[in-house]
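The structure appears below as structure tokens.
Each chain gets a letter, A, B and so on, in the order its sequence line appears, and its residues count up from 1.
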Protein chains: 2
Amino acid sequence: MSDVELTLRRFNRSFTQRIGVLDSSFLGSGRPLGEARLLFEIGAAERVTTLELRHRLGLDSGYLSRLLRALESDELVVVAPDPDDGRRRVVDLTAAGRQAWDELDARSDELATALVSPLTERQRAELDRALETARRLLEAATVRFDVVDPESTDAVTAMSTYFAELDERFTGGFDPGDTLTADAESMRAPHGRFVVARADATVVACGGIVRIDDDTAEIKRMWVAEGWRGLGLGGRMLADLEHRIEAMGAARIVLDTNAVLTEAITMYERHGYRPTDRYNDNPYAQRWFTKPCRS
Amino acid sequence: MSDVELTLRRFNRSFTQRIGVLDSSFLGSGRPLGEARLLFEIGAAERVTTLELRHRLGLDSGYLSRLLRALESDELVVVAPDPDDGRRRVVDLTAAGRQAWDELDARSDELATALVSPLTERQRAELDRALETARRLLEAATVRFDVVDPESTDAVTAMSTYFAELDERFTGGFDPGDTLTADAESMRAPHGRFVVARADATVVACGGIVRIDDDTAEIKRMWVAEGWRGLGLGGRMLADLEHRIEAMGAARIVLDTNAVLTEAITMYERHGYRPTDRYNDNPYAQRWFTKPCRS
DNA sequence: GTGATCATCTGACTAAAGTCAGAGAAATGT
DNA sequence: ACATTTCTCTGACTTTAGTCAGATGATCAC
């Protein structure tokens, strides 16, 4: 067994000692670290809600409020009520705020440049690859799986991307018609579920459950975002859905798929799914699988 | 050009968000972060001087003193005067301190384990490799080159290791005799210099300069520690020494080497050194090189 | 031996970071 | 329509973190 834990901790020690500088670079901006970090976070996205900021930076609501007021009194940000939900507030940079942000960004970039400057071009490329690999894997490892409403923004985005991809890959294309809204009800609790996997705020995978009868539940709309494949997310999504199906008390799982989706088929087979008879009249399906629940 | 800077910053953001937890894991130990970090640092080595701690953690002496007193009053550490130098003090863990340390360590390990647990064995191995590569490169990038006295601990350690290695590689071995002390004077300012490269506190390379005559300076004792080779440190040490020689006002550089040290020979050639006549009677030398100074 | 230097400690601070308990406004469930 | 929940804000705090100016004692250079 490889001892990643040790490597991870050793890396963490070494890294924070060296690159912690990148953060304290926010110091020297004449602004306390907390404020600077907040400013940076606001400028990274445009139009953030305070709620999002709170989650992303892990701040107490009172504390955040005070920090925002400080930035506001420096005329770096404007805070306005969210038109969609009057309880929330949205934050945005002013022109002066954008300028301050740019300065933070430039300083941070300078430090990063200085840090890697002793390396040769080849070593820099190697470092680039290593960091990218590590980031991808760590982000994949910390992806979170949550049940959401099938008509929520995240769900709709995920399925639309999925459908667009099917349209490209299927010979003869794929026409979703009104499936998006038509399916919604069947994938809502208590009959069904819709699960999205998120890395930070971006949706990187999804999957749905539909109860067919007392015994049987179907898995549908399984998808992993391009650029996030090969990281085992498909398998983890499948396992997550299976757990939920078991918890819902079904005895067996079914699913269908198109013959061109070979990676999917391989994955199902690897996870114990066996071919079964056609159980529906889905015109896009050429393969049908089933698997008993464990319990 | 690869944009490592961007990758580095993106990685930093992503990493600190996820692994920052590893540090704040020190919280939840019922001890403030500063104290916990100090305790951890004390336990990682045995018998540290406060001076070392101050450098490693970058703390103000007054602040450190106070933190130590807090740990002491909790009976986690004992602070005693250093027998070698009465101004300094050495810190060590008590039994209770060791126990507290073990708890911190266990908690940190748990978190690391939980973090990577969703990954497959293969992915974990890949992460391990990527993090190791990144750490090596970042540590190499941040190595510092300093002039030290040729009889200082660091210099002596470096040269002893170097000599031991020569003894192994040279056909017929290498007998340093009293070179260590005999050379010291010639490598001290103003006639000469001795430079060590350090990553954190460990010496990873060294090199010496000896003034031969008004025109000429010799480079000696160039060595890069095993495990730190292939990272361009040799080239950087060479460049560092050359700069110092130029600043000393010499017009040309000479150096000798043994025929078995092929990597060194290749490096000298790559850096513009050309073969020259034997200029000394070093019994271990078979090759002599020279290079003019730029100015 | 003596003056300069070095390392630690103490007292007296300040600023930043973070917590907690409500109050008040908007949305939601039934 | 009314109770409940969800968010944000304010006031009143505490704790950490960090700085600065000496004082004290040990060591070093000459």
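Map A/Gly86 and B/Leu51 each onto its nearest nucleotide of DNA chain C; the residue landing nearer the 5' end is B/Leu51.
Distance B/Leu33 CG to D/dT15 P: 17 Å, rounded to the nearest Å. Straight-line distance from the CG atom of A/Leu57 to the P atom of C/dA16: 18 Å, rounded to whole Å. What separates CZ of B/Arg31 from P of D/dT16 is a distance of 11 Å, to the nearest Å. B/Glu35 has its CD atom 12 Å from the C1' atom of D/dA17, to the nearest Å. If you take CZ of A/Arg88 and P of C/dG24, they are 23 Å apart, rounded to a whole angstrom. When rounded to the nearest whole Å, the span between CG of A/Leu67 and P of D/dC9 equals 12 Å. Between the CZ atom of A/Arg87 and the C1' atom of C/dT28 there is a distance of 8 Å, given to the nearest Å. Rounded to an integer number of Å, the gap from A/Arg54 CZ to D/dT6 C1' is 10 Å.
Ion pairing of A/Arg13 with B/Glu41 is present here, as a side-chain N (NZ or NE/NH1/NH2) and a carboxylate O approach within less than 4.0 Å. Electrostatic pairing of B/Arg87 and B/Asp82 does not count as a salt bridge here, judged by no charged N lying under 4.0 Å from a carboxylate O. A salt bridge links B/Arg244 to B/Asp240: one of the charged nitrogens lies within less than 4.0 Å of a carboxylate oxygen.
Between B/Arg9 and A/Ser108 the shortest heavy-atom distance is NE-OG, 3.1 Å.
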Exercise answer: donor-acceptor pairs, residues 146-159 of chain A side-chain atoms, under 3.5 Å, sequence neighbours excluded:
{"residue": "A/Asp146", "atom": "OD2", "partner": "A/Arg198", "partner atom": "NH1", "Å": "3.3"}
{"residue": "A/Asp149", "atom": "OD1", "partner": "A/Glu151", "partner atom": "N", "Å": "2.8"}
{"residue": "A/Asp149", "atom": "OD1", "partner": "A/Arg188", "partner atom": "NH1", "Å": "2.8"}
{"residue": "A/Asp149", "atom": "OD2", "partner": "A/Arg188", "partner atom": "NH1", "Å": "2.7"}
{"residue": "A/Glu151", "atom": "OE1", "partner": "A/Arg188", "partner atom": "NH2", "Å": "3.3"}
{"residue": "A/Ser152", "atom": "OG", "partner": "A/Asp149", "partner atom": "O", "Å": "2.7"}
{"residue": "A/Ser152", "atom": "OG", "partner": "A/Ala155", "partner atom": "N", "Å": "3.4"}
{"residue": "A/Asp154", "atom": "OD2", "partner": "A/Arg198", "partner atom": "NE", "Å": "2.7"}
{"residue": "A/Asp154", "atom": "OD2", "partner": "A/Arg198", "partner atom": "NH2", "Å": "3.0"}
{"residue": "A/Thr157", "atom": "OG1", "partner": "A/Thr153", "partner atom": "O", "Å": "2.5"}

Please output the side-chain donor-acceptor pairs of residues 58-67 of chain B that fall under 3.5 Å, not counting sequence neighbours, one pair per line with the distance.
{"residue": "B/Asp60", "atom": "OD2", "partner": "B/Gly62", "partner atom": "N", "Å": "2.8"}
{"residue": "B/Asp60", "atom": "OD2", "partner": "B/Tyr63", "partner atom": "N", "Å": "3.1"}

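The closest side-chain heavy-atom distance from B/Glu139 to B/Trp228 is below 4.5 Å.
Under 4.0 angstrom from either OP1 or OP2 of C/dT10 there lies at least one side-chain N or O belonging to B/Arg69.
Minimum atom distance to the side chain of B/Val79 is reached by C/dC9, of the listed C/dA16, C/dC9, D/dC7.
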Worksheet, complete the sentence: Scoring nucleotides 18-24 of chain D by protein non-hydrogen atoms under 4.0 Å (B base, S sugar-phosphate only, - none) yields BBB----
